[in-house]
Structures are given as structure tokens and as C-alpha cells.
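Please read the structure below before turning to the comments.
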Amino acid sequence: APVMPKPGLLQSLAFWRGLAVASLAALFIAVAVPQFRPTMTTPDTRLIASLAGDKTDVRYLAAYDARSSEIGLSHLAGDRTAGHDFELWIIKGNNPPVSLGVIPAGSSVHLAVAPAHRDLIGSGALFAISLEPRGGSPTGKPTGPVVASGDLRAM
């Protein structure tokens, strides 16, 4: 019986399938991977903190998004007393607390961060919540007790 010559590489179905799969993988890597690579210019673009107190049942989960300059707050537990508001503060190092605003009532709220305060928010800084008179601290400094606090950490 005559011996049939083996088909060449270009006639091989397995070769063409493998080339198609490799091409699709290369295209996926070229398109998708840059989207998932963190930017080196802003390492703290997303920070989170779990805010709790030793002597109260007040609990919040806070997330800061540097791109939108907003803090999202999820109220998990604890109520403000009548005639009072919770106020959010940022403490960086040994600097005095800076108010980020009165926390609106609700289970999930957002606070816009003023441009002057954005540099204070970074990994290792501390968020603290104080109980203040309705409308917030009248002095610009915490006047009521700190009911919850927590360190900011990069996500």
C-alpha cells in the first residue's frame, strides 16, 4: 500500500486552533490587563475603615474614594440621642481633628470632601465620630464624646 505523506503544519487543524486560542489570549491580555493595573500616582484611591467604640454601640463602615472625593458611610448600629448629630472627623498623625461634616441620618449616606481636606485622608489616618449638638460642633473642634473611631486602610 502506498504511504501517504503526512500533512504539513499549515494543513493541521490542531495548529490553526492553537493559533486562534493563543491570539485570543494575547488580545485579552493586551486589552484587559491595563484596566486592572493599579495606578502608581494615587496609591490611596480607595480606603476603608470600620468605626466602632469601646463604650458605645455605634458602628459605621466608611469607604473613601479619592477619584470622586466622597466618603460613603454605612450605619450599622447605634442611635444618636435626641437633639444631637454625629459628626465625622479626620485625624492625621498628631494633628488636631478636622471636621469632615455632620453625618446625615440614614443607613447609607455620602459626604463630599472639601478640596482642603483631601490631603489629610490617607492610609493610617483616623476617622472618628463624635456626638455633637444638632447641626454639628459650634466651635470647629469636637465638643461631645467620641462614639466610634477607626484607622483607614487601603483596599
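Basis for what follows: all heavy atoms, side chains included, without hydrogens, waters or symmetry-related copies.
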Taking all non-hydrogen atoms of both residues, which atom of [X] and which atom of [Y] are closest, and how far apart?
| X | Y | result |
| --- | --- | --- |
| R134 | A82 | NH2-C, 4.4 Å |
| G101 | L111 | O-CD1, 4.3 Å |
| G136 | E87 | CA-OE1, 3.2 Å |
| L131 | H84 | CD1-CB, 3.6 Å |
| T56 | V147 | OG1-O, 2.5 Å |
| G140 | S137 | N-OG, 3.3 Å |

Open item on the list: Clusters formed by hydrophobic residues whose side-chain heavy atoms approach within less than 4.5 Å: which one holds L61, and what are its other members?
Closed with: L76
Working to the nearest 0.5 angstrom, can you tell me the gap between [X] [atom1] and [Y] [atom2]?
| X | Y | atom1 | atom2 | answer |
| --- | --- | --- | --- | --- |
| L100 | I129 | CG | CD1 | 10.5 Å |
| D119 | I90 | CG | CD1 | 11.5 Å |
| I48 | Y64 | CD1 | OH | 15.5 Å |
| L73 | F86 | CG | CZ | 11.5 Å |

Task: Single-linkage hydrophobic cluster, 4.5 Å side-chain cutoff, V146 and L51 together - done: no
Task: Cluster overlap I71 with L120, hydrophobic side-chain contacts below 4.5 Å - done: yes
For a quick test of your reading: what N or O donor-acceptor pairs under 3.5 Å do the side chains of residues 148-155 make, sequence neighbours left out?
none

Open item on the list: Would you call the rings of H75 and Y60 parallel, tilted or perpendicular, taking 30° and 60° as the class edges?
Closed with: parallel
TODO: Name all residues meeting the side-chain contact (heavy atoms from CB on, under 4.5 Å) criterion together with P142; count only those two or more places apart in sequence or in a different chain, and write none if there are none.
DONE: W89, P97, S130, E132
Open item on the list: Strictly distance-based, threshold 3.5 Å: is any side-chain N or O of K92 a donor or acceptor partner for the main-chain N or O of V98?
Closed with: no
- [ ] Would you confirm whether R46, through its side chain, and A63, through its main-chain N or O, come within 3.5 Å as a donor-acceptor pair?
- [x] no
- [ ] Evaluate the side-chain proximity of D65 to E70: yes if any heavy-atom separation is below 4.5 Å, no if none is.
- [x] no
TODO: Answer yes or no: are there more than 12 heavy-atom neighbours, outside D54 itself, under 6.0 Å from its atom CG?
DONE: no
